[in-house]
Every structure is written in structure tokens, then in C-alpha cells.
Amino acid sequence: MSSAFDRLARPVQKWIRQKGWRELRDIQARSIRTICETNADLIVAASTAGGKTEAAFLPLISQVLDEPCDGTGFDLLYIGPLKALITDQAIRLEGICQEAELPVVPWHGDVSQSIKTRALKSPKGILLITPESLEALFIRRGLEIARLFGATRAVVIDELHTVLDSERGVQLRSLLTRLELATKRPIRRIGLSATLGDMDLAKAYLRPDAASSVQLIEADGGEAELRLQLRGYLSGDEDGNSPSATDAIAAHLFKHLRGSDNLVFAGARQRVEIYADRLRELCEREHLPQEFYPHHASLSRDHRDFVERRLKDPAKPTTAICTSTLELGIDIGDVTCVAQIGAPFSVAALRQRLGRSGRREGQPAILRQYAVEAKLSPESSFVDRLRLGLIRSIAMIDLLLEGWCEPPKPQALHLSTLVHQILSVIAQRGGASASVVYNVLCREGPFRRVTTEVFADVLRAIGHPETGLIEQAGSGLLLLGPTGEKLVEHYSFYAVFQTPEEFRLVAEGRDLGTLPIDNVLAPGMLLIFSGRRWVVQEIHDREKVIIVKPAKAGVPPVFGGDAGDIYDKVIDRMFSVLERGISPPYMEAVSLEMLDEARAHYEQLGFRTKNIYSFGERTSIIATRVGTVKTSTLALALRSKGFLVEQHDGFLLVEAGDETPDLQTALTHIRSGEPVDLFAGAGNFVSEKFHPYLSKPLLELDAASSKLVPQILPTLVERIIQA
DNA sequence: GACCTGCTGCGGAATG
């Protein structure tokens, strides 16, 4: 303790004493030494509430106080993915900085203009900002970047794992590079993260040119005891004698969760609404106070704040039925139990969710996994017979227990984000040559997989008169075109990710939340939303507002969504689960019976020894044994040859069309490596915000870099045929 | 077959 503590500046030491801390945590002591003794970049990995913020900022603030540097601007930069997180962290840092007389400046969309104006006039202290607000600074104050960040000695990136290989993460990396180019010097990078699988990839994300010199400070395991149960439920019981799976699960949750704080991850917003509605009804029927509330991103900020406050309040037992909104970020305190209805989409998410429980000393973490499977009939499809949802749940729990989780996928080109950054660089500089833009973004920045040829194609696509995003002056300088100008001028430009169009739902003058516009609604229709029932009164198309009032019945709305990407290793484990004879000790009787049925059907279809099962002349099941990306590559190859293909976890259901060759012939062709037009079978590859401005060949290239693996086809098919 | 995240500058009116 002493050596680390002694390195801190006086005011920081005083703050620690006032706090009454008896010692620094291990990660804090190690991080203080690393930051004080070296110039190294750093990742501090520990669970939420593990003291990461202090580990980074105690030594950084000490340096600012003890080693004044010349240059103007903010001394330290903090980047957070959520507004709520920035607000929380600013309050935490203010405590330390008050003593040190260092300003703390929170900066995001909800922060008042006056705070921002004052900070711009005299930039110093710690700036806490979102990637989007930083983007806005580059665009609106491009020429002032050097003045604002000339003195910045480190940038702290919070929740590093949430931005690793996402569009937002690539944007952030691009902005960090541009920051160093503008200030003409490297700025130390410090990533704060939950303990996740592959830390080498996190290092490469943080400092691509010197990943191996990034220091890693990881909290020792010390994991809480884990209690685990997997329960199986049958849906589609039409006889009316037994309750539906939904009712049975709701009753089980009601019985076991009432009276404490819990999180129930229901998988989709629609299911959140269904379970919240059932549980509310159960409370009413028993004349008990309400304690089950829905929480997802379409609900109003007001309602979400209310649920979050209740979770923090020890006097009010509260169970939130939620989506991934309550998986990351803000502190909601410790919960007794985490329930998961249906299989999750990634082990990483499951792990993050489970980390919400068992945080208090001596308390176990509790996971209740509910698997819903269809009641079988002679007509049931192989998907139901193989009980793929249950099998995936088991595979994911297995991998969770082994400490594995999905690594990021760093091979994507990110052409949509590239378009965004090209416009941003041009706006920042008021014009730039193609070679400067290429250097900044593709040689120095994160778009290193983009060749000069592809870059030139992107410039041509967005400079095409019909697109009009950019144009070239006589001098060769790239400038914003009329469309580009309009796009960049509007505040909606700053975020790189796409958001769907929505209606606002209003009851008695209060916002309930938002609904995707693809819901077909008319006055008189009944709705379940925000855990209550409503009838639609008026629809205002132009203002995108729907007025509702309370009702006695309703159905939940539809919320869209993309298909999930399941990782190779998860699918591989699913096949092991089907082939092994082991019964996991955490499974209860019904789920074990389902597992036996699944294994028997697997055996019956012969997948233990081969990968293709055909019934009749025209229909076959192919076991690909690989994840979503590779399986959908094969699906597209077969579709381009005229087959009708349905995709499932590690399997394809293939039906011959009128003019298709037989499946063996088609597979032999694909195996030979002869070119297959993966994009012939239609398919829509416009999925990201700036995709609409790209040409078809560029869209295909982008898709091939992130959603498909064309080069895998010969070996994949070889393995399928061989077995 | 799913989920989540974010947003500036200006003009005009009211207030001290």
C-alpha cells in the first residue's frame, strides 16, 4: 500500500484519508505504479464496482497536479458510452477533484449549453464525453481541436468491451487517431473493462501499432459461488388442461422472486411486455403490492428511471423484466437472482448479466435459466425435435462455466463508418485531399483493411452526382457536396449507428415510450405496453404520435430486430452436447427429458456419423456444425443455385427448386472452388447508416468482410460431404 | 432469430 499511496499527490492522498479507506485495492495499487512509473497504455479489467475508475484517475490526477505541463486544453479526457454513466462518473470524480481544485466537465446531449460554453472558453481539468459529442467537436470546432486538447495527457475509455469491434468502436478509434494527429503527439490510452475472454484483442483495439506493449491489470478471480438451475417448459399445449409455458414460467417467477430484487432477461421487448403483464396480473389477483416492472429501450426515460430507482431502493423489493438495457453500464446495486428466459445470443452477454448478482460479500450468484420448447406432434420439424433452444442454453452455460466468451471480429471493413469518417475529416478541415483523408483514416486510423483501390471506389460512390455527398474542387481538394453538407449540418449525423423510425405513445399527456412504425395500428385496437393495457384512441401520422387510454385487455406490439450471430464455438459445443451422454447436474426433470428426446432424434437422423439427412427426393437437412456467419455463407451459395434454404443453429433445411441440380451435385460444385455468386439469391445488404450511399459491389465487399466467409466454402463442404 | 447506444446551434421570449 505505502509505495503506491506515496506516489499520489497530496490532495489525492487527503481525499483517500477522508474516505476512510484503509487500503488501496490490488488493481488500484498496480495501476498507480504503472501509470506513475511508465508511459504505457493500460487496460484495467475488473467487475462493475471493482474500483476501476479510481485505479485510473487517482494517479492521473496526481500527475496533473504534480507535473504541470505546458500546452492548453483539458488535462484528462474520459469517454463513456452512456449519458447516465458520464453523469455518475462526473459526480464521483468531483469528490476527488474538489480537493485538487480541478474542474470536472460532463459533456453530452443533456448537459446545458452554458457549461459547454464556459468549458470551451477555458478548457482545463477532466472532460467526460460521449463518442458522439466528441465527433460533434471535430465537426463544429475542427480548427480548435489542438487548442482544446493540447495539454491532454491521457484518455480513459470506460466499458471498453462494449465498443470493441462495433461501428461505434471503430468511430471512437478513428477519433482518437485524429486527436493525436491534431495535437501532433501520442496520448496515453487507458481502457476500463469488465473481465472478458480475449484480452489480446482488447489490447490490439486500444493501440493497434503496439498492442504487445499495452499493460494489463486484471482483478484476481475471487468469483462468488454460483447456483444454477435450468428448467424446461413445453409450449403449444392446446388441450386446455395444463397452463401455457408462459403462464407456468410466470407463476414460477412469481413464487420464487417475490420479495427480493431480481433481473429477468426475457430476450425480446415483446416478451418483456408479455411477462410483465402476466406478473402484474398475478400480483393483482393475490391483492399484493406491485413489484414486477418492464424495462427496455422503447419505454420512456421516466418509467425506466422509476424502475432503476426502485431497484436501488432497499426498502422496495423489485424485479425488472428486461432486455439488455439492464445488462451494462449504470449501477443498480446487487440483485438476488438473474433469470434468463430462452437461450441467450452470446456467452459474453450471459456472463455480463450474471455479474449483476452475487456481488455482496458471502452472497452466491444465482442463475435461473428457463427453456421453452414446443410440444411434439408427428408433424413437428427437426428443429423442435432437436430442441435447439434448450441445447444452446446448455452449451452456453457450459462455456460460461469454463470462463470462455466470444472474441471480437476484427476483420470487418466497416465501409459505412468509413463514409461517415470521410465526411467528418472533410468537415473538420474545411476540405482535404484524397491522400490526406486516406492517410488519416486508413494508414494511421482504424480502416487498415481498406486498400487504396477500395478507398478510391468509396470516394467515387459518394462523389457520384446522384449521391452528392462529396465533390472535388479544381485543385483536387475534396469538399462536401450539397447532400453531404445537409447531412453533416444536422445533429443526427454524429452517431454512426442506424436508428429505426418510431411513433411516440402518449397517454393522458404523458409519454409512455416509442413504437416502431411497422406496427399496423388503428383506433380501437388494444395494446400491452409498459406493463399495462391500452386502447388506441388517435393516430397522428405526421407528428408520429399515438394517443392511448387505459383498457382491460391487449396484445403486445411487434418490435423488429436483426438476426443474432451465434459464434462457431457455441455451435460446436451444441453438437458435443447432443453427442455426449452426460446429464448436467443443474437440469431439472422436464428439461432432462427434453434433452433425452433431442439426443434420441439426433441419433435417429444419423448425424452422429454423417452430415446430410434426406427425406424424399427433394428435402434434406445439412449439419454444418459451424456458427451463423459460415452457415449463412453456405445458405447463400445454395440459394444462388436455386434451392430454398432455411437456416438454424448449425443446420440448414434445404429444399430443391424446380430447376435445381440434385444436392450432391450442387455441393460438389461448391467444393471444387468454382466461383459462386453469393449475392444472386437476392439478400439485402443495406443494414448500416451510410450503406445507402455505396455501390452494389462495395456493399457486397462490406458484407463479405463481416457477415460472410466466402473462402471457407470448399473446406466446409468437403467436411460435410466426407463424414 | 435480438438487443443497445447518441445528437448542435440558433432564434425568440421571458427574466433580473
Between [X] and [Y], does any side-chain donor sit less than 3.5 Å from a side-chain acceptor?
X        : Y        : result
A:Glu135 : A:Ser424 : yes
A:Ser416 : A:Glu167 : no
A:Thr130 : A:His108 : no

Please tell me whether [X] and [Y] form a close aromatic pair, meaning their ring centres lie under 6.0 Å apart.
X        : Y        : answer
A:Phe493 : A:Phe690 : yes
A:Phe74  : A:Trp107 : no
A:Phe575 : A:Phe651 : yes

So which protein N/O to nucleotides 14-16 of chain B N/O distances come out below 3.5 Å?
none

### Message
When you measure from the centre of the six-membered ring of A:Tyr293, is the NZ or CZ of A:Arg310 closer than 6.0 Å and no more than 45° off the axis?
### Response
no
From [atom1] of [X] over to [atom2] of [N], roughly how many Å is that when rounded to an integer?
X        : N     : atom1 : atom2 : answer
A:Glu273 : B:dC3 : CD    : C1'   : 15 Å
A:Ile566 : B:dA2 : CD1   : C1'   : 10 Å
A:His295 : B:dC3 : NE2   : P     : 15 Å
A:Asp518 : B:dA2 : CG    : P     : 12 Å
A:Gln352 : B:dC3 : CD    : C1'   : 13 Å
A:Leu326 : B:dA2 : CG    : C1'   : 16 Å
A:Ile139 : B:dG9 : CD1   : P     : 11 Å

### Task
Take A:Thr323 and A:Arg141, find for each the nucleotide of DNA chain B with the closest heavy atom, and name the residue whose nucleotide sits nearer the 5' end.
A:Thr323
Tabulate atom names and distances for all N/O pairs under 3.5 angstrom spanning the protein and nucleotides 11-13 of chain B.
none

### Query
Sequence neighbours excluded, which residues qualify as side chain to side chain contact (heavy atoms under 4.5 Å, CB included) partners of A:Glu502?
A:Ser298, A:Thr514
### Summary
Sorted by chain and number, sequence neighbours left out, side chain to side chain contact (heavy atoms under 4.5 Å, CB included) with A:Pro557 holds for A:Leu515, A:Asn519, A:Leu527, A:Phe529, A:Phe559
### Query
Base, sugar-phosphate, or nothing: which does A:Arg301 touch, judged by heavy atoms less than 4.0 Å apart?
nothing
## Note on the structure
Sorted by chain and residue number, the side-chain hydrogen bond (donor to acceptor under 3.5 Å, both in side chains) partners of A:Asp518 (sequence neighbours excluded) come out as none
Enumerate the protein-to-nucleotides 6-8 of chain B contacts in which both atoms are nitrogen or oxygen and the separation is below 3.5 Å.
from, atom 1, to, atom 2, distance (Å)
B:dG6, OP1, A:Lys83, N, 2.6
B:dG6, O3', A:Thr130, OG1, 3.4
B:dC7, OP1, A:Gly109, N, 3.0
B:dC7, OP1, A:Thr130, OG1, 2.8
B:dC7, OP1, A:Ser133, OG, 2.9
B:dC7, OP2, A:Gly109, N, 3.2
B:dC7, O2, A:Tyr491, O, 2.5
B:dC7, O2, A:Ser492, N, 3.1
B:dT8, OP1, A:Ser133, OG, 3.3

### Task
With A:Phe447 as reference, evaluate A:Thr177, A:Leu413, A:Leu418, A:Leu415 under the side chain to side chain contact (heavy atoms under 4.5 Å, CB included) test and give the passing residue.
A:Leu418
